[in-house]
Engineer: 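Sharing a structure with you now.
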Amino acid sequence: MIGLGIETSCDETSIGIVEDGKKQIVLTLFSQIELHSAFKGVVPEIASRAHLEKINFLLETALEESGLKFTDLDYVAVTAYPGLLGSLMVGAQMARCLSYALEIPLIAVDHLEAHLNVVRMEEKDISFPYIGVLLSGGNSAIFQVDGFGNMRTIGDTKDDALGEAFDKVATLLNLGYPGGPAIEESARRFQGKTAPPFFPELLKDLPSDKIQFSYSGLKTAVLYYLKKNSTNTINIDEVAYHFQETAFQLVEKNIKRAVKLTGIRNVIAAGGVMANDTLRQRLNKVSQKMNFKFKYPEKKILCTDNGVMVACLGYYLLKEGKLAGIDFRVSPSRQEM
Ligand code: KG4
């Protein structure tokens with residue numbers, strides 16, 4: 001079964017074609033990073049306009065590269081939520097047109113579930129329930145996933161998302177946008193031996209039955225550190241290193257809690273921040289120590305927003321008969337079951 005996935009929820013326009021929910025046939029992607037970098041964040045109007053300008057070209061390229069015709073497509077899946085409303089509408093409209101014209105099923109996909117579920121492209125043995133950890137520019141959240149289209153939030157952020165914190169702190173440190181890869185590289189350069197805690201532990205007093213993220217305090221701590229110290233005594237790589245360590249300590253703590261509180265020993269992590277090698281290594285070690293199964297997309301391109309993950313989840317929802325009507329609605333937020 002050949003499925004087309006359309007992703008336009010934020011600042012990546014992407015088309016993926018997948019066979020039987022596990023084999024990638026093609027992935028085309030336009031990243032809008034350069035368009036937004038002057039503003040140090042995603043500008044919604046620029047994002048939707050850029051999706052509109054690129055999406056037809058990306059679809060045509062995907063078909064050309066794969067050697068497939070429109071008539072080879074068995075279904076079309078599209079990100080319906082969460083995301084920027086104007087951006088989601090671009091992908092949704094293309095999906096509606098394709099479904100109507102080709103008379104193929106239409107599947108509306110939860111972007112966050114698609115991020116987690118994409119590990120099925122690399123690993124067949126994923127059973128329910130699992131704990132899903134989403135770490136991206138827009139989300140820091142932990143879910144209990146009980147089935148396809150059936151996931152419930154068990155921990156969320158009360159302010160900034162982790163990727164957002166990377167981006168904001170990178171701006172403070174003059175490391176550029178997007179901040180994630182820049183901070184990771186800077187932190188890797190740090191060879192010193194300053195012992196943590198350089199910045200205070202985050203949510204130190206969080207009750208033991210609670211899972212929560214919060215990163216705005218860490219961003220402020222970095223800002224105060226920079227203001228308090230004179231420029232020539234500040235080692236940017238050292239600050240980046242300690243920012244990263246403090247931020248990841250909270251991820252580790254929340255995952256450990258999720259495993260303990262739910263008793264589920266099956267964890268999947270995804271989202272742009274999971275492209276970070278330091279985080280991957282750290283969480284791998286935790287999983288070995290606590291003896292739970294831990295998966296994340298090995299291919300870094302599958303960590304960030306992409307059409308393949310949409311086509312992949314679409315396949316499993318289709319198999320369960322979870323289809324959308326042509327009049328389905330897109331939404332900026334998730335719809336919890
Ligand atoms: O999932 P994603 O592509 O989409 C959005 O949420 O928009 O995540 C993008 C986020 C950005 O904030 C970026 O700085 C962060 O993921 N990111 C990273 C790394 N690569 C991307 N954060 C830390 N380390 C990285 N290597």
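Because only heavy atoms are used, hydrogens play no part in the values below, and waters and symmetry mates are left out as well, while side chains stay in. Note that the structure is a prediction, hence the values are computed from the model and not measured. Counting starts at 1 for both ligands and their atoms, following the listed order.
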Engineer: Under 4.0 Å from any heavy atom of Asp305, which atoms of ligand 1 are there?
Structural biologist: 1 (O), 2 (P), 3 (O), 4 (O)
Engineer: Enumerate the atoms of ligand 1 whose separation from the nearest heavy atom of Glu184 is less than 4.0 angstrom.
Structural biologist: 25 (C), 26 (N)
Engineer: Do ligand 1 and Gly137 have nitrogen or oxygen atoms that lie under 3.5 Å from each other?
Structural biologist: yes
Engineer: Is the closest heavy atom of His115 to ligand 1 under 4.0 Å?
Structural biologist: yes
Engineer: Using a 4.0 Å cut-off to any heavy atom of Phe166, which atoms of ligand 1 qualify?
Structural biologist: 23 (C)
Engineer: Does any N or O of ligand 1 fall below 3.5 Å from an N or O anywhere on Asp167, backbone included?
Structural biologist: yes
Engineer: Taking the six-membered ring for Trp, are Phe198 and His242 parallel (under 30°), tilted (30 to 60°) or perpendicular (over 60°)?
Structural biologist: parallel
Engineer: So is Gly180 polar-close to ligand 1, meaning N/O to N/O under 3.5 Å?
Structural biologist: yes
Engineer: Does Arg329, at its CZ atom, have more than 12 non-hydrogen atoms belonging to other residues, nucleotides or ligands within less than 6.0 Å?
Structural biologist: no
Engineer: Give the numbers and elements of all ligand 1 atoms closer than 4.0 Å to a heavy atom of Gly138.
Structural biologist: 6 (O)
Engineer: Please work out which of the three classes, parallel, tilted or perpendicular, describes the rings of Phe294 and Phe292, given edges at 30° and 60°.
Structural biologist: perpendicular
Engineer: Classify the ring geometry between Tyr316 and Phe148 as parallel (under 30°), tilted (30 to 60°) or perpendicular (over 60°).
Structural biologist: parallel
Engineer: Considering heavy atoms of the protein only, find what lies nearest to atom 1 (O) of ligand 1 and give residue, atom and distance to 0.1 Å.
Structural biologist: Gly272 N, 2.9 Å
Engineer: Considering only heavy atoms from C-beta outward, does the side chain of Asn139 approach that of His115 to under 4.5 Å?
Structural biologist: no
Engineer: Counting only heavy atoms closer than 4.0 Å, does ligand 1 sit against the backbone of Asn276, its side chain, both, or neither?
Structural biologist: both
Engineer: Run the salt-bridge test on Lys54 and Glu12 with the 4.0 Å N-O cut-off and return the result as yes or no.
Structural biologist: no
Engineer: Is the positively charged end of Arg280 above the ring of Tyr296, judged by distance under 6.0 angstrom from the centroid and angle within 45° of the axis?
Structural biologist: no
